[in-house]
Amino acid sequence: MNYSELLRQQREFFQTGKTRSIDFRLAQLKILKQAIVEYEIAINEALQADLHKPVVEIYLTEITVVKKEIDYAIKHLKSWIKPHKAAVPLEQLPGAGKIYPEPLGIVLIISPWNYPLQLAITPLVGAIAAGNCTIIKPSEIATHAAAVLAKMLQKYFDSTYISVVEGGVETSQKLLTEKFDHIFFTGGTNVGRIVMEAAAKHLTPVVLELGGKSPCIVDTDINLEYAAKRITWGKFINAGQSCIAPDYLLVPEAIKQQFIEKIQKCIAEFYGAQPANSPDYGRIIDRKQFDRLVALLADGKIVFGGETDAESRYIAPTVIELASLDVPAMQSEIFGPILPVVTYQHISEAIAIVNQGSKPLALYLFSRDRNLQKRVLAETSSGSACINDTVLQFVVPTLPFGGVGSSGMGKYHGKASFDIFSHYKSVLYRSLAIEINLRYPPYRGKLPLLKRILG
Ligand code: NAD
């Protein structure tokens with residue numbers, strides 16, 4: 001495919017100004033929602049083929065998330081699109097300041113395979129709301145999902161407005177040689193660097209939604225059962241292949257045994273004695289990821305789980321105890337159903353372990369102690385945090401989502417998505433009714449008065 005020609009066509013369409021009207025944007029958001037409703041069964045089939053995703057998980061973590069994001073944008077777009085008034089200093093009077101959000105132009109969205117619908121469509125909602133044209137490059141690894149996404153969007157939208165380009169790394173790299181007005185990338189930290197480097201050539205702004213090791217600190221002042229249940233759910237949905245899954249547990253030595261037993265009980269409740277036979281437990285996306293994860297099993301003592309089957313890419317929900325932090329399982333994001341447990345005596349040790357690594361995408365703390373909550377939040381830095389639950393911070397539209405440091409840059413969801421795909425143009429309106437000559441040459445004799453006025 002000739003990407004330069006596709007971009008030229010999108011630019012031509014963008015320049016007609018059609019995408020700027022609020023009616024057009026609202027209509028496209030409604031069409032997008034309709035498309036998802038119509039394609040729900042096809043989406044379910046694709047995600048089951050790619051990841052063995054349970055239909056309830058697809059509904060909760062993909063379909064509902066994007067539908068709610070669309071509804072939120074539809075509800076608030078009228079207020080987002082309004083220019084804001086800005087106060088003007090006395091010496092600029094008579095005059096007025098206004099800030100106008102305007103669309104950027106052509107947006108490139110590059111998405112990963114783990115939540116292939118949601119992570120392509122959620123940014124698209126922001127791009128549409130802000131009045132842009134969009135090209136989406138879904139992950140080639142979730143092949144069925146990429147095909148459905150392309151079919152669905154091609155059916156409902158003209159390619160001069162929204163287009164899906166299927167393909168792998170080469171396709172992505174070719175697209176990245178083009179000049180976009182914004183690049184929204186979700187994926188691994190190393191690829192994020194490649195994307196940012198390519199964007200720099202055209203001075204294209206980027207949002208990078210990357211990964212990292214999201215710690216989960218458990219205190220003794222908790223409801224053990226609820227904490228274990230919420231952690232087990234957040235860790236093992238999508239077989240652990242979630243960017244904000246609790247990556248590893250930091251548990252006080254005193255409750256370690258009890259807590260691990262609770263997690264084991266939750267796993268049995270959720271997935272039965274044989275998770276391999278459960279319709280509610282996912283599979284690893286491909287052989288490469290499977291092999292990577294199996295190698296991590298050797299990094300600690302398997303407390304339970306550990307069963308694997310290469311043919312079906314099954315890895316049982318597994319808890320491992322680590323004797324040392326100096327192992328691969330603690331050096332890169334796990335991104336699979338293996339939960340390392342690390343113990344601590346005092347909270348300062350847990351905080352130190354978190355702060356040893358790169359800034360995580362998410363941090364979880366389970367504690368009823370308000371002072372401890374404040375301390376952990378103040379002494380650590382993470383893209384987002386959630387106290388006494390996992391993952392749910394992702395679906396609160398008023399909480400902008402994103403990373404910090406090597407877990408990413410830029411935030412989206414709700415109004416934040418509209419903001420990243422908009423340029424806020426500052427405009428000063430001046431009156432032509434009067435003229436004050438103080439700023440014009442010749443300057444002789446004007447300084448004392450200028451100083452009196454401006455300070
Ligand atoms: P990835 O970085 O390998 O791939 C993401 C996209 O980039 C794909 O579309 C792929 O085709 C493309 N790509 C891959 N290599 C490329 C290259 N060299 N040049 C240009 N484009 C390239 O990521 P993945 O394996 O699909 O997803 C897993 C990673 O994504 C994990 O690190 C995870 O934490 C992260 N992630 C982050 C979020 C978030 O919201 N922050 C969400 C989901 C996943």
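Atoms within each ligand, like the ligands themselves, are counted from 1 in listed order. Bear in mind the structure is a predicted one, so any value in this text is a computation, not a measurement.
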Asks: Evaluate Q173 for polar contact with ligand 1, using N/O atom pairs at a separation under 3.5 Å.
Replies: yes
Asks: May I ask you to check whether F335 has an N/O atom sitting below 3.5 Å from an N/O atom of ligand 1?
Replies: no
Asks: Both conditions, 6.0 Å and 45 degrees, for the charged tip of K137 above the ring of F185: are they met here?
Replies: no
Asks: Would you call S111 a ligand 1 contact, heavy-atom distance under 4.0 Å?
Replies: yes
Asks: Q373 and N388: which non-hydrogen atoms are nearest, and at how many Å?
Replies: NE2-ND2, 3.9 Å
Asks: Is there a heavy atom in I141 that sits closer than 4.0 Å to ligand 1?
Replies: no
Asks: Please confirm whether F394 comes under 4.0 Å of ligand 1, counting heavy atoms of the residue only.
Replies: no
Asks: Checking contacts here: is it the side chain or the backbone of Y115 that comes within 4.0 Å of ligand 1, counting heavy atoms only? Could be both or neither.
Replies: neither
Asks: I need the contact type for V195 against ligand 1. Using non-hydrogen atoms and a strict under-4.0 Å cut-off, is it side chain, backbone, both or neither?
Replies: neither
Asks: Could you tell me, atom by atom, which parts of ligand 1 come under 4.0 Å of a heavy atom of N114?
Replies: 43 (C), 44 (C)
Asks: For the pair T343 and E253, evaluate side-chain hydrogen bond (donor to acceptor under 3.5 Å, both in side chains) and give the outcome as yes or no after the intermediate values.
Replies: CA-CA 5 Å; T343 54; E253 185 67 53; 3.0 Å; yes
Asks: Indicate the ring-plane relationship of H84 and Y424, choosing parallel, tilted or perpendicular according to the 30° and 60° boundaries.
Replies: tilted
Asks: Which residue supplies the protein heavy atom nearest to atom 7 (O) of ligand 1, what is that atom called, and how far is it?
Replies: F185 CE1, 3.3 Å
Asks: State yes or no: are the ring centers of F24 and Y161 separated by less than 6.0 Å?
Replies: yes
Asks: With heavy-atom distances below 4.0 Å as the criterion, list the atoms of ligand 1 near I194.
Replies: 18 (N), 19 (N)
Asks: Looking at F401, which atoms of ligand 1 are within less than 4.0 Å of one of its heavy atoms?
Replies: 40 (O)
Asks: Tell me which protein heavy atom sits closest to atom 21 (N) of ligand 1, plus the residue, atom name and distance to 0.1 Å.
Replies: S172 OG, 2.7 Å
Asks: Report yes or no: do S348 and H346 form a side-chain donor-acceptor pair below 3.5 Å?
Replies: yes
Asks: Which option out of T171, V169, V191 puts a heavy atom nearest to atom 3 (O) of ligand 1?
Replies: V191
Asks: Determine, step by step, whether D158 and T160 satisfy the side-chain hydrogen bond (donor to acceptor under 3.5 Å, both in side chains) criterion, reporting the C-alpha distance in whole Å, the side-chain angles of both residues, the deciding distance to 0.1 Å, and the verdict.
Replies: CA-CA 5 Å; D158 196 279; T160 57; 2.7 Å; yes
Asks: In the protein, what heavy atom is nearest to atom 5 (C) of ligand 1, and what distance, to one decimal place, separates them?
Replies: T186 O, 3.6 Å
Asks: I41 vs E45, test: side-chain contact (heavy atoms from CB on, under 4.5 Å). Steps then yes/no.
Replies: CA-CA 6 Å; I41 292 171; E45 285 168 1; 3.6 Å; yes
Asks: Where does I110 meet ligand 1, judged by heavy-atom distances below 4.0 Å: at the side chain, the backbone, both, or neither?
Replies: side chain
Asks: Of all the non-hydrogen atoms in the protein, which one sits nearest to atom 36 (N) of ligand 1, and at what distance?
Replies: C243 CB, 3.5 Å
Asks: Evaluate Y364 against S214 for side-chain hydrogen bond (donor to acceptor under 3.5 Å, both in side chains), listing each step before the verdict.
Replies: CA-CA 8 Å; Y364 302 107; S214 301; 5.7 Å; no
Asks: Spell out, as yes or no, whether a donor-acceptor pair under 3.5 Å connects the side chain of D181 to the backbone of I106.
Replies: yes
Asks: Do the side-chain N and O atoms of R292 and Q289 include a donor-acceptor pair separated by under 3.5 angstrom?
Replies: yes
Asks: Which residue and non-hydrogen atom of the protein lie closest to atom 35 (C) of ligand 1, and at what distance in Å?
Replies: G187 O, 3.2 Å
Asks: Tell me which one of E166, E333, K137 gets a heavy atom nearest to atom 34 (O) of ligand 1.
Replies: E333
Asks: If only atom types and distance count, is the side chain of R283 paired as donor or acceptor with the main-chain N or O of L51 below 3.5 Å?
Replies: no
Asks: Over 60° means perpendicular and under 30° means parallel, so tell me whether W80 and Y72 are parallel, tilted or perpendicular.
Replies: tilted
Asks: Mind checking whether S407 contacts ligand 1 via backbone (N, CA, C, O), side chain (CB onward), both or neither, at a 4.0 Å heavy-atom cut-off?
Replies: neither
Asks: With rounding to the nearest 0.5 angstrom, report the CZ to CD1 distance, F157 to I136.
Replies: 9.0 Å
Asks: Nearest to atom 27 (O) of ligand 1, what protein heavy atom do you find, and at what distance?
Replies: P112 CB, 3.4 Å
Asks: Please indicate whether any nitrogen or oxygen in T189 is less than 3.5 Å from any nitrogen or oxygen in ligand 1.
Replies: no
Asks: With heavy atoms under 4.0 Å as the rule, classify the contact between L210 and ligand 1 as side chain, backbone, both or neither.
Replies: backbone
Asks: Any idea which protein heavy atom is nearest atom 25 (O) of ligand 1, and the distance to it?
Replies: W113 NE1, 2.9 Å
Asks: Starting from atom 1 (P) of ligand 1, what is the nearest protein heavy atom, named by residue and atom, and what distance separates them?
Replies: G188 N, 3.8 Å
Asks: Do L377 and I387 come within less than 4.5 Å of each other through their side chains, counting heavy atoms only?
Replies: yes
Asks: Record the part of L119 in heavy-atom contact with ligand 1 below 4.0 Å; permitted values are side chain, backbone, both and neither.
Replies: side chain
